[in-house]
Amino acid sequence: MFESVEVTHERTARHNSSPAEVASRLQGRRVTGVERHGKFLRISLDDGQTMVAHLGMSGRWAVDGEDGALHTHFVGRMDSGTVVRFIDPRTFGFVAVYDEDEILGSGLSRLGPDAWTDPPQIGELGERLAGRTAPIKALLLDQRPISGLGNIYADETLHLAGIHPLTPGGALDPEDLGRLIEAVRIVLETAISRGGTTLSDAAYLLPDGRAGANMADLVVYGRQDEPCTTCGTPIERLVVRGRSSHFCPNCQMLR
DNA sequence: ACCTCCCTGGCC
DNA sequence: GGCCAGGGAGGT
């Protein structure tokens with residue numbers, strides 16, 4: 001149960017009317033379930049409300065640690081003695097409390113199937129991408145065709161699948177889609193087993209404060225001009241919809 | 001379906 | 001001193 005909740009940054013509470021509202025709606029509530037859909041954390045509460053949290057770019061949760069850390073915007077003290085803190089320098093993340101109606105109007109309601117727990121099959125992904133002319137890289141980041149991939153894992157996935165980031169989504173044939181789906185599985189399996197990707201900025205950390213080790217497994221993200229681990233061709237970088245995109249021009253030829 | 005915006009630490 | 005990184009939301 002949330003014995004006390006402090007929300008100390010206006011922007012962290014932006015999906016409710018105020019930090020005080022987030023705190024008061026959580027106060028005294030017991031957690032009945034914890035789920036994740038895409039990059040959204042859903043925590044069910046005993047009064048039917050749902051606490052929804054998103055790490056954004058630089059957010060992280062600390063459980064029983066980081067007392068007094070800079071950029072702590074949420075502190076929840078549980079009756080068990082556990083203290084959960086949300087630390088988020090760039091404030092792209094948020095903590096919200098929704099009732100059933102509010103959830104329907106939130107970003108959660110627009111998410112495609114979860115890339116890890118509910119990966120789409122070839123037919124379903126094909127339907128979701130049919131007719132789409134936008135680059136597959138942009139569609140992977142969109143979260144509606146499939147949810148859960150950010151910029152790093154989208155680049156890694158496309159490289160493993162041998163698909164150029166600018167390929168129109170609707171141009172992928174069933175073979176491409178099969179490789180894409182399998183690449184998603186492998187990239188996420190590897191990343192999760194490594195505890196996630198902590199970059200040199202150390203923004204992302206596990207809840208116990210440890211760094212994730214997946215940066216060593218990245219083969220294209222952040223490696224422009226370095227030789228491709230598969231074929232030795234220098235990795236290239238281009239910008240797709242304002243996001244950097246790293247790929248091997250040989251392994252991922254545009255067709 | 002696209003564009004802009006938000007935000008701060010780190011780096012050039 | 002200025003730019004870059006990028007998650008989603010909201011507007012055009």
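The shown structure was predicted, so the numbers you read here are calculated from the model rather than taken from an experiment. Order of the sequence lines sets the chain letters (A, B, ...), proteins ahead of strands, with each chain counted from 1.
Applying the 6.0 Å contact sphere to CZ of Arg144(A) captures no more than 12 heavy atoms from other residues, nucleotides or ligands. Atom CD of Gln121(A) has 12 or fewer heavy atoms from other residues, nucleotides or ligands within 6.0 Å.
Distance, Leu199(A) CG to dC4(C) P: 18 Å, rounded to whole Å. Nucleotide dG8(C) holds its C1' atom 13 Å from the CZ atom of Arg241(A), rounded to whole Å. The distance between atom CG of Leu140(A) and atom P of dG6(C), rounded to the nearest whole Å, is 15 Å. Straight-line distance from the CE atom of Met57(A) to the P atom of dC5(B): 18 Å, rounded to whole Å. Atom CG in Asp142(A) sits about 14 Å away from atom P in dC3(B), given to the nearest Å. Atom C1' of nucleotide dA5(C) and atom CD1 of Ile152(A) are separated by 10 Å, given to the nearest angstrom. For Leu55(A) and dG8(C), the CG to C1' distance is 13 Å, given to the nearest whole Å. Look at OH on Tyr204(A): it is 15 Å from P on dG7(C), rounded to the nearest Å.
Overall, the helix from dA1(B)-dT12(C) to dC12(B)-dG1(C) carries an axis bend of 50° between its ends, with five pairs at each end and the value rounded to 10°.
The six-membered or imidazole ring of His164(A) lies near that of Phe247(A), with a centre-to-centre distance under 6.0 Å. Ring centroids of Phe86(A) and His73(A) are separated by 6.0 Å or more, keeping the two rings apart.
For the residue pair Gln49(A)/Arg25(A), the side-chain donor-acceptor check at 3.5 Å is satisfied. For the 3.5 Å distance criterion, the side chains of Ser58(A) and Asp88(A) qualify, holding a donor opposite an acceptor.
Contact between Ser109(A) and Ile103(A) at its shortest, heavy atoms only, is CB-O, 3.8 Å.
Under the 6.0 Å distance and 45° angle rule, Arg11(A) counts as a cation-pi partner of Phe92(A).
The side chain of Tyr153(A) places no N or O atom within less than 4.0 Å of a non-bridging phosphate oxygen (OP1 or OP2) of dG7(C). Listed pair Ser58(A) / dG7(C) fails the phosphate criterion, with no side-chain N or O lying under 4.0 Å from OP1 or OP2. Not one side-chain nitrogen or oxygen of Gln143(A) sits closer than 4.0 Å to the OP1 or OP2 atom of dG7(C).
Shown here are the side chain to side chain contact (heavy atoms under 4.5 Å, CB included) partners of Arg241(A), two or more places apart in sequence or in another chain: Ala134(A), Pro135(A), Ala138(A).
As judged by a 4.0 angstrom heavy-atom cut-off over every strand, Thr133(A) is placed among residues making no nucleic acid contact. Residue contacts for Arg14(A): at a heavy-atom cut-off of 4.0 Å it reaches no nucleic acid atom on any strand shown. Residue Arg144(A) is out of contact with every strand shown, counting any heavy-atom pair closer than 4.0 Å.
Residue Arg237(A) is the one, among Arg237(A) and His54(A), whose nearest nucleotide of DNA chain C lies closer to the 5' end (criterion: closest heavy atom).
Comparing dA9(C), dC2(B), dG8(C) against the side chain of Ala134(A) picks out dC2(B) as the nearest.
Contact of the Phe94(A) side chain with the Phe74(A) side chain is not registered, since no non-hydrogen atoms from C-beta on lie closer than 4.5 Å.
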Task: Heavy-atom protein contacts under 4.0 Å, nucleotides 6-12 of chain B, coded B base, S sugar-phosphate only, - none - done: BBBS---
